[in-house]
Amino acid sequence: MPGLLSGAGEYCLRLTRLFLLTTCVLLTLVSVMLVRSVMQEWNTVSAALRGLRAMELTALAMTIAEKASFERGPSIAAMGDTDAPTPALQERLAKARTVSDAAFDAALKALEHSARDEHRAAIAQIEKARSELAQARQKVSRIAALPHAERTAPGTRFTREPIDQMFGVVDIALEAVTILSADAERVYPELTQPLVGARLAAELREYAGRLGSQFTSPIGARQPLGIQERRDIPRIIGRIEELRHLIEVQARANAADARVAAAIGEMKSRYFGIGLPFINSLTVAGEAGGDYGMNLPEFVARYVPEMASIVTLRETMFETARTGAAASIAKARHNLHINAAIGVLVLMIEISVFLLIRWRVLMPLLASTKAVVAIAAGKLDAPLRVTTRTDEIGDMQRAVNELRHTSAEKQRLEREREQLIEKLQLHSSTDFLTNLLNRRAFTERVAQQLAIARRSNWPVSLIMFDLDHFKRVNDRYGHASGDIVLAGVAEIASREFRAADTLARHGGEEFIALLVNCGEADARAFAERLRESIAAAKFAAEDGTEITITASFGIASAPSSAVNDFNAFSNAADQALYRAKNQGRNCVVSGVA
């Protein structure tokens, strides 16, 4: 008997130790889960706070671009003023400059205490933009001081140089925006979509400003649109329409907030419903002879206010991002407190339960632990037993099920986000109307093709072609029919060129193609064949009317080793295209590269 009791005691002692050891192990696992959960929520809060900070810095950089862009309007008005300066115009210019300076000061002050490399790079861009703006202001003041007759004399383009320099200021500021928004997206990826939308809106606002600036010199000098304006205006309008499409696609893809949808509607009503048609009417007047019916200050007063809806859209996108991030922070903090409270309670209950009832708690807990380990290892399809228990263990089992469901949902959302990013990347490199490469993607592809050609010592040719009198198609049959013609020409060109050739829509009705291992004679044969195919094609307008159109071609050819400056190479093809236009159109002209 004593031996039996002793053996039973030793057995009980061993079970107690085993139970205690098991309890300690399990409690340790639960503690690790609790700490991990708390740390995850804490990391979410920290990332959201850092992302918000980075987003605000991005907003400050965007404000610089916006205010510098806005300053062009008062600058243009001042340069178009009478010999006796108008006090109201001078006051407006001084106020615009003060606002721009305040935007620069606010951004630099917010960034000056940062030691991060990204912020130092952004500071350098902002300081460079401020320096360029100061130089442009000096030129504006010098031109405004000239006699009015000298500023508006036929053939003058005084306003062009400072305004072009102010374009460069905005481009530099947008480089800082890109740097800071990339930092915000890296810190808090949930900000990616609203920041993409805000950047698109900021770029749209800048292109709208650039479109208006095309008219400053012609209106100020009371002259028709020049060759450069006639070429740039359709290209800028095309980019504006492309940005509008991207904003709408991005908003639809992300189920945009009602405030964003309302802001998009306001932009379509004001800028695309009033501002852009106003520009189109001025374009017609400028091409017809230059009777614009207004002076520079009147033009600025009518056009600039309509661009405010674009800025409102950008601010609305920022506000929805702020709201979303703030909600995520609040939710994460709430979950942090709830998880900590529940974790402490669970630990206390587990200690009591393990001391009282082994069989009622231990085995279910072990099963749940195995399930959690499987979830942590990414095995989200492992079957879990559905419990009907109403005590704490039942809660834990249901929590594990919810954790598995949440983890699976997170993986699904991550896959969807990656797919969306791929779609956005595709949109950013493809022209939405013709499905050809856009200008940016063409530039990137050219560098690769030239490198291949240099390694093989191949000649290269650049073909630029432009549809003749395309505006007449839009005016007579409508822009929808014009889009049909553009898409049809793109399809014809895609068939005519080789698979290895790089073809892109260069802007408006202009196309460009780089041909490797192709000399001037072969390039000219390609161009002639394509010219004949376009001239022979018939396109159906919306009302069923057949449309025919011709194209003019410019060619530049050179050994690949001689193409060290692609811009110069491109200019040679562009000049050849210009000569083809002057020679009566519907012809092919070779240039000297």
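Quick caveat: nothing in here was measured; it's all calculated off a predicted structure.
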What are the two closest non-hydrogen atoms of Glu509 and Leu486, and how far apart are they? CA-CD2, 3.8 Å
Once you round to the nearest 0.5 Å, how far does CG of Leu133 lie from OG of Ser75? 8.0 Å
What's the separation between atom CZ in Phe215 and atom OH in Tyr292, rounded to the nearest 0.5 Å? 7.0 Å
With a 4.0 Å cut-off, would you call Lys67 and Glu71 a salt bridge? no
Contact summary for Ser552 and Ala580, nearest pair of heavy atoms: CB-CB, 4.0 Å
Beyond-backbone contact of Leu246 with Leu204, side-chain heavy atoms, under 4.5 angstrom: no
Who are the side chain to side chain contact (heavy atoms under 4.5 Å, CB included) partners of Glu444, not counting sequence neighbours? Arg440
Flag yes if more than 12 heavy atoms outside Arg445 fall under 6.0 Å of its CZ atom; otherwise flag no. no
Sole residue of Asn438, Asp431, Thr430 in side chain to side chain donor-acceptor pair (under 3.5 Å) with Thr434: Asp431
Looking only at heavy atoms, what is the nearest atom pair of Leu180 and Ala61, with distance? CD1-CB, 3.8 Å
Hey, does the side chain of Glu132 reach the backbone of Ala129 with a donor-acceptor pair shorter than 3.5 angstrom? no
Does the pair Asp164 and Lys139 meet the rule for a salt bridge (charged side-chain N to carboxylate O under 4.0 Å, His left out), with working shown? CA-CA 11 Å; Asp164 286 345; Lys139 295 176 182 177; over 6 Å; no
Note: Ala68 and Val169 closest approach over all heavy atoms is CB-CG1, 3.9 Å
Step by step, work out the side-chain contact (heavy atoms from CB on, under 4.5 Å) result for Tyr578 and Ile227. CA-CA 10 Å; Tyr578 179 72; Ile227 295 174; 2.8 Å; yes
If we only count heavy atoms from C-beta on, is the Val516 to Ile452 side-chain gap below 4.5 Å? no
Kindly compute the distance separating OG1 (Thr283) from CG (Leu211), expressed to the nearest 0.5 Å. 7.0 Å
Do the charged groups of Arg244 and Glu241 touch, with an N to O distance under 4.0 Å? yes
Please step through side-chain contact (heavy atoms from CB on, under 4.5 Å) for the pair Ile279 and Phe299, ending with a clear verdict. CA-CA 10 Å; Ile279 287 295; Phe299 166 70; 4.1 Å; yes
Does Tyr207 have Arg210 sitting over its ring (NZ/CZ under 6.0 Å from centre, angle to axis within 45°)? yes
Can you check whether Leu174's main-chain N or O pairs, donor with acceptor, with Arg199's side chain at less than 3.5 Å? no
Got a donor-acceptor contact below 3.5 angstrom from the Arg505 side chain to the Gly508 backbone? yes
Parallel, tilted or perpendicular: which describes the rings of Phe566 and Phe442, with under 30° parallel and over 60° perpendicular? tilted
NZ/NE/NH1/NH2 to OD/OE distance under 4.0 Å, Lys128 and Glu175: no
Okay, side chain of Ser269, backbone of Gly265: is any donor-acceptor separation there less than 3.5 Å? no
Under the side-chain contact (heavy atoms from CB on, under 4.5 Å) criterion, do Glu266 and Thr312 qualify, and how do the steps go? CA-CA 9 Å; Glu266 177 70 9; Thr312 300; 5.9 Å; no
Which of parallel (below 30°), tilted (30 to 60°) and perpendicular (above 60°) describes His245 and Phe432? parallel
I want to check something: taking the side chain as every heavy atom from C-beta on, are Met294 and Leu282 in contact at a cut-off of under 4.5 Å? yes
Is there side-chain contact between Lys109 and Glu112, with heavy atoms separated by less than 4.5 Å? yes
Tell me which one of Arg230, Lys581, Arg231 satisfies salt bridge (Lys or Arg N to Asp or Glu O under 4.0 Å) with Asp466. Lys581
So which heavy atom on Met317 is nearest to which on Val260, and how close? CE-CG1, 4.1 Å
Arg314 and Arg205, any side-chain heavy atoms less than 4.5 Å apart: no
Does the side-chain contact (heavy atoms from CB on, under 4.5 Å) test come out yes or no for Glu66 and Ile310, once each step is laid out? CA-CA 10 Å; Glu66 174 199 341; Ile310 304 175; over 6 Å; no
Does the side chain of Thr86 reach to within under 4.5 Å of the side chain of Arg92, using non-hydrogen atoms? no
Would a distance-only check, ignoring hydrogens and angles, find a side-chain to backbone donor-acceptor pair under 3.5 Å from Thr443 to Arg439? yes
Nearest 0.5 Å, please: how far is CD1 in Ile126 from CG in Leu108? 5.5 Å
Flag if over 12 foreign heavy atoms under 6.0 Å of CG, Asp565: yes
Distance from Thr98 atom OG1 to Glu91 atom CD, nearest 0.5 Å? 10.5 Å
Is a side-chain N or O of Arg137 found less than 3.5 angstrom from the main chain of Arg97, in a donor-acceptor match? yes
Can Glu242 and Arg239 be counted as an ion pair, charged N to O under 4.0 angstrom? yes
Within the side chain of Ser281, is there an N or O that forms a donor-acceptor pair under 3.5 Å with the backbone of Phe278? yes
Quick one: do Glu298 and Arg302 make a salt bridge, cutoff under 4.0 Å? no
Between atom CZ of Arg130 and atom CG of Asp105, what is the distance when rounded to the nearest 0.5 Å? 4.5 Å
Identify the heavy atoms of Leu462 and Ser570 that sit nearest to each other, and give their distance. CD2-CA, 3.5 Å
